[in-house]
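Report on the structure given below.
Atom set for the values below is all heavy atoms of this structure, side chains included, hydrogens, waters and symmetry mates excluded. This is a predicted model, so every value here is computed, not measured.
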Amino acid sequence: MVKILFICHGNICRSTMAQFVFQDMVNKRGLAEQFYIDSKATSTEELGNPPHRGTVRKMNEMGIPMAPHRASQVRFCDYGEYDYIIGMDTWNMRNLNRILKGDPEGKVYKFLSFNSDGRDIADPWYTGNFDETYRDVCEGCEGFLKYLQENGLIY
């Protein structure tokens with residue numbers, strides 16, 4: 001089983017969207033039993049809060065199921081529990097490096113690095129553009145799934 005942890009600043013917008021989109025993607029491809037997928041924050045600002053209404057709206061619009069979720073913070077002990085820890089932007093990557101005390105096993109990735117350009121996924125909390133974030137998250141999920149398939153990590 002491949003264990004994936006998506007990370008953003010507050011765990012109410014981008015990382016939850018990535019969690020729900022990737023789960024839906026693997027479910028539709030009959031691959032769900034090969035994955036454990038979750039999401040967390042680098043900050044404590046939104047702890048305990050549900051997904052942002054913009055994320056909920058976009059998931060409903062696209063027909064993507066959402067699991068019950070409350071924001072939680074990534075902790076050092078999570079490093080040993082996951083195979084892939086995926087940050088949404090450069091700032092998340094810096095915070096992950098601090099929280100996880102580095103990345104000795106090479107588990108931490110920037111989400112769009114699987115699509116070669118490695119750009120940041122803009123935070124819709126600030127931009128208000130959940131449509132753009134959704135497009136970027138879908139691109140990241142497709143690239144990540146392709147990476148896993150091409151490297152023989154799923155079947």
Side-chain angles (χ1 to χ4, degrees), residues 1-43 46-47 50-52 55-56 58-60 62-124 130 133-155:
M1 180 172 279
V2 179
K3 295 179 181 178
I4 303 158
L5 185 61
F6 291 108
I7 303 290
C8 70
H9 182 75
N11 191 215
I12 61 168
C13 296
R14 295 171 292 173
S15 61
T16 53
M17 188 182 288
Q19 175 186 353
F20 300 148
V21 168
F22 196 72
Q23 186 69 62
D24 186 59
M25 184 182 294
V26 299
N27 289 351
K28 287 178 177 172
R29 290 180 166 108
L31 302 171
E33 72 283 350
Q34 296 183 54
F35 292 95
Y36 176 81
I37 305 162
D38 202 358
S39 63
K40 294 192 178 187
T42 58
S43 78
E46 299 290 343
L47 293 183
H52 188 282
T55 295
V56 172
K58 191 64 187 177
M59 296 299 91
N60 287 335
M62 302 311 296
I64 295 174
M66 294 173 285
H69 178 83
R70 295 288 176 180
S72 62
Q73 186 181 31
V74 64
R75 300 176 310 161
F76 177 71
C77 63
D78 289 320
Y79 191 81
E81 298 296 318
Y82 290 90
D83 303 307
Y84 293 89
I85 301 171
I86 302 173
M88 299 293 136
D89 63 30
T90 303
W91 188 251
N92 299 153
M93 300 303 289
R94 284 187 201 125
N95 285 333
L96 279 169
N97 188 52
R98 178 184 49 78
I99 293 166
L100 301 175
K101 301 176 180 140
D103 181 23
E105 296 177 39
K107 297 180 177 188
V108 180
Y109 295 85
K110 192 172 179 186
F111 199 17
L112 291 178
S113 68
F114 297 104
N115 296 49
S116 78
D117 71 0
R119 72 186 183 282
D120 287 352
I121 295 182
D123 190 342
F130 285 84
T133 298
Y134 176 75
R135 285 189 298 273
D136 286 348
V137 164
C138 287
E139 180 183 330
C141 287
E142 290 288 350
F144 181 48
L145 189 59
K146 182 178 178 185
Y147 166 85
L148 294 171
Q149 290 169 324
E150 288 177 351
N151 287 282
L153 300 168
I154 59 170
Y155 52 92

- Query: In Å, rounded to the nearest 0.5 Å, how long is the span from CD1 of I4 to CD1 of I37?
  - Reply: 5.0 Å

- Task: Determine which pairs satisfy salt bridge (Lys or Arg N to Asp or Glu O under 4.0 Å) with at least one residue from residues 137-153, sequence neighbours left out, and list them in order.
- Result: R29-E142, R119-E139, K146-E150

- Message: For the CD1 atom of I86 and the SG atom of C8, what is their distance to the nearest 0.5 Å?
- Response: 13.0 Å

- Message: So does T90 get a backbone contact from the side chain of D120, meaning a donor-acceptor N/O pair under 3.5 Å?
- Response: yes

- Taking the side chain as every heavy atom from C-beta outward, state whether M66 and N60 have any atom pair closer than 4.5 Å. yes

- Message: I'd like to check H69 versus N11 (side-chain heavy atoms, cut-off strictly below 4.5 Å). Are they in contact?
- Response: yes

- Note on the structure: Residues at least two apart in sequence or cross-chain that pass salt bridge (charged side-chain N to carboxylate O under 4.0 Å, His left out) with K28, listed by chain then number, are D24

- Query: So do I12 and T55 actually touch side chain to side chain, heavy atoms under 4.5 Å?
  - Reply: no

- Provide the closest heavy-atom pair for M17 versus Y134 in the form atom of the first, atom of the second, distance. SD-CA, 3.5 Å

- Query: Just by modelled atom types, is the G10 backbone N or O under 3.5 Å from a matching donor or acceptor in the S15 side chain?
  - Reply: no

- Message: If you define the side chain from C-beta out and look only at heavy atoms, does anything of M88 sit under 4.5 Å from C13?
- Response: no

- Y147 vs Y84 aromatic rings, parallel, tilted or perpendicular, using cut-offs 30° and 60°? perpendicular

- Message: Contact between L96 and D103 at the side-chain level, heavy atoms closer than 4.5 Å - yes or no?
- Response: no

- Whether N92 side chain and D89 backbone form a donor-acceptor pair below 3.5 Å: yes

- Note on the structure: dist S39:OG -> R14:CZ (nearest 0.5 Å) comes out at 12.0 Å

- Query: How about Y109 and F144: are their ring centres within less than 6.0 Å of each other?
  - Reply: no

- Student check: side-chain heavy atoms of V108 and N97 closer than 4.5 Å: no

- Query: If you draw the axis of the six-membered ring of F130, does the NZ or CZ of K58 fall within 45° of it and under 6.0 Å from the ring centre?
  - Reply: no

- Candidate pair L145 and L31, rule side-chain contact (heavy atoms from CB on, under 4.5 Å), full reasoning: CA-CA 10 Å; L145 189 59; L31 302 171; 4.3 Å; yes

- Message: How close do R70 and P50 get, counting heavy atoms only, and between which atoms?
- Response: NH1-CD, 2.9 Å

- Task: Take the angle between the ring planes of F22 and F35 and call it parallel below 30°, perpendicular above 60°, tilted in between.
- Result: perpendicular

- Message: Run the side-chain hydrogen bond (donor to acceptor under 3.5 Å, both in side chains) test against D38 and tell me which residues pass, sequence neighbours left out.
- Response: none

- Item | Heavy-atom check, side chain of V21 versus side chain of F6, under 4.5 Å | no

- Query: Do H9 side-chain atoms and W91 backbone N/O form a donor-acceptor pair below 3.5 Å?
  - Reply: no

- Message: With a 4.5 Å cut-off on side-chain heavy atoms, are V26 and Q34 touching?
- Response: no

- From CD1 (I99) to OG1 (T42), nearest 0.5 Å: 5.5 Å

- Message: Please find the pair of heavy atoms, one from G63 and one from P65, that lie closest to each other, and give the distance.
- Response: O-CD, 3.5 Å

- Over all heavy atoms of both residues, which pair between P51 and T16 is shortest? Give the atoms and the distance, please. CB-OG1, 4.3 Å

- Query: Quick one: does Y79's side chain have a donor or acceptor within less than 3.5 Å of a partner on K101's backbone?
  - Reply: no

- Task: Quickly, which of Q73, K40, K3 forms a side-chain hydrogen bond (donor to acceptor under 3.5 Å, both in side chains) with D78? Name it, please.
- Result: K40

- Item | Geometric cation-pi criterion, K107 with Y82: 6.0 Å, 45° | no

- Item | Gap between atom SG of C141 and atom CZ of F20 - 0.5 Å precision | 12.0 Å

